[in-house]
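Taking it in order: structure first as structure tokens, then the write-up.
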Number of protein chains: 2
Amino acid sequence: MVGGVERSSDTKDRLIEGTRQLLWDRGYVGTSPTAILRRSGVGQGSMYHHFRGKSDLVLAAERRSAELMQAQVREVFSGEGTGLQRIVAYLLLQRDVLRGCSVGRLAGDPEIVADDELRAPVRETFAVLNRCLSEAVAEAQAAGELDARLRPEETAAALAAVIQGGYALARAEQSTEPFDRAIHGALDLLGVPADDRVPVGARSS
Amino acid sequence: MVGGVERSSDTKDRLIEGTRQLLWDRGYVGTSPTAILRRSGVGQGSMYHHFRGKSDLVLAAERRSAELMQAQVREVFSGEGTGLQRIVAYLLLQRDVLRGCSVGRLAGDPEIVADDELRAPVRETFAVLNRCLSEAVAEAQAAGELDARLRPEETAAALAAVIQGGYALARAEQSTEPFDRAIHGALDLLGVPADDRVPVGARSS
DNA sequence: GTCTATATAGGGATAGAC
DNA sequence: GTCTATCCCTATATAGAC
């Protein structure tokens with residue numbers, strides 16, 4: 001490719017994206033090479049040409065999910081508005097609630113958390129989220145929008161957990177309502193008035 | 001058995017408990033009949049004598065996990081103390097954080113949430129938890145321990161989500177710290193003073 | 001780079017002896 | 001009720017042709 005930047009083949013990209021989708025819905029053990037090939041529309045041999053094996057391909061797919069989620073997080077937290085407004089915007093982001101978080105899903109996979117290399121993209125993504133939330137909390141406190149007694153790191157962890165846990169509650173009922181209740185419960189606890197709960201954004205994460 | 005009460009065989013019990021443990025750690029697809037037999041110390045034929053197949057055995061294991069968690073929830077919320085004290089006690093319950101919740105784990109399994117019968121124990125358990133938490137919130141509000149503007153159902157959902165989501169954050173870092181931060185972040189938001197954060201209890205859930 | 005063929009292991013279940 | 005033997009299918013990977 002022009003400019004010396006390496007360009008992945010379409011086939012390789014399709015394998016990564018197919019794996020990413022399957023991983024998201026069915027986890028590591030539930031994602032078979034056969035299913036990947038069928039979903040990617042790629043032949044048997046190509047997979048082992050581009051990747052050393054399943055875990056190598058899974059790692060590439062994880063990294064893509066991590067990039068996408070981190071980009072979305074940074075987009076919201078580098079956006080307009082006060083610290084509290086950005087927190088509210090992130091909490092109210094449109095999400096495919098019943099599908100859940102493509103990165104959080106990976107944290108439930110024993111094969112992934114047991115391997116430091118496979119776990120790294122998940123760890124880093126949650127670290128980015130926690131940093132963005134913490135900074136926004138501190139900023140909101142400085143502006144008098146949030147109680148000064150809140151600890152930014154603790155508050156950030158609680159908010160991230162509400163989102164991740166909200167997915168579990170929602171799936172248990174096969175309804176988005178428990179997720180929405182949890183998010184609005186968190187907004188109540190933050191003291192955000194109903195009028196300030198303005199949704200933003202697009203994709204799921 | 002005396003009294004007409006049906007008594008499960010030891011073999012059957014061991015199969016259920018072995019399946020329950022595997023399901024907790026590895027999920028539905030990751031739990032194979034062979035592994036169940038090895039862990040239960042039971043022979044091949046016994047399994048298909050006592051159960052129609054894998055999903056039948058999984059259902060029995062789920063019901064046991066659901067019973068255990070519901071019993072623990074009811075124990076905490078029927079215990080002593082004010083509404084807020086019982087909420088704090090539940091949030092600070094000792095848990096095997098890196099293992100996670102035996103019931104919440106099931107909510108992440110596509111094979112389980114896709115089947116109404118397999119999903120029922122998870123749904124019911126979260127319903128029990130939500131009811132206990134909601135009632136405690138309302139009671140705490142009546143006693144002036146919590147802000148009267150909080151909505152009990154929303155607050156309950158947020159607190160349940162913090163616990164479930166806290167497990168995901170902890171596994172991502174392979175450390176219990178993110179879980180503890182999330183819990184204490186929730187306690188901060190509830191306005192619980194550090195002195196009132198007294199741990200109780202025992203088992204994981 | 002992609003294809004087909006092949007290999008080994010294990011998953012999930014059944015049959016029938018004891 | 002429990003055991004061993006057996007069955008068919010799929011997961012994961014390799015080999016080698018094209």
Worksheet item: Base, sugar-phosphate, or nothing for Thr34(A), non-hydrogen atoms under 4.0 angstrom?
Response: base
Discussion item. Can you confirm whether more than 12 heavy atoms, excluding those of Glu177(A), are under 6.0 Å from its CD atom?
Written reply: no
Worksheet item: Salt-bridged, Asp13(B) to Arg64(B), with N to O below 4.0 Å?
Response: yes
Item to complete: Please list, by residue number, the residues of residues 46-65 of chain A whose heavy atoms come closer than 4.0 Å to an atom of DNA chain C; answer none if no residue qualifies.
Response: Ser46(A), His49(A), His50(A)
Response to the item:
Per nearest nucleotide of DNA chain D, the residue lying toward the 5' end, Ala35(A) or Gly45(A), is Ala35(A)
Worksheet entry | Sugar-phosphate, base or nothing in reach of Gly43(B), heavy atoms under 4.0 Å | sugar-phosphate
Discussion item. Under 3.5 Å, is there a donor on one side chain and an acceptor on the other for Thr82(B) and Glu145(B)?
Written reply: yes
Item to complete: Determine, for Glu80(B) against Arg86(B), whether the closest basic-nitrogen to carboxylate-oxygen distance falls under 4.0 angstrom.
Response: no
Worksheet item: Quick one: ring pair (Phe, Tyr, Trp, His ring centres under 6.0 Å) partners of Phe51(B), sequence neighbours excluded?
Response: none
Fill in: Short side-chain donor-acceptor distance under 3.5 Å, Arg26(A) and Thr31(A)
no
Practice prompt. Run the salt-bridge test on Arg197(A) and Asp188(A) with the 4.0 Å N-O cut-off and return the result as yes or no.
Written response: yes
Discussion item. Can you see whether Glu17(A) engages Gln21(A) through a side-chain donor-acceptor pair at a distance of less than 3.5 angstrom?
Written reply: yes
Worksheet entry | DNA chain C: 5'-most and 3'-most nucleotides touching chain B, 4.0 angstrom heavy-atom criterion | dG11(C) to dT14(C)
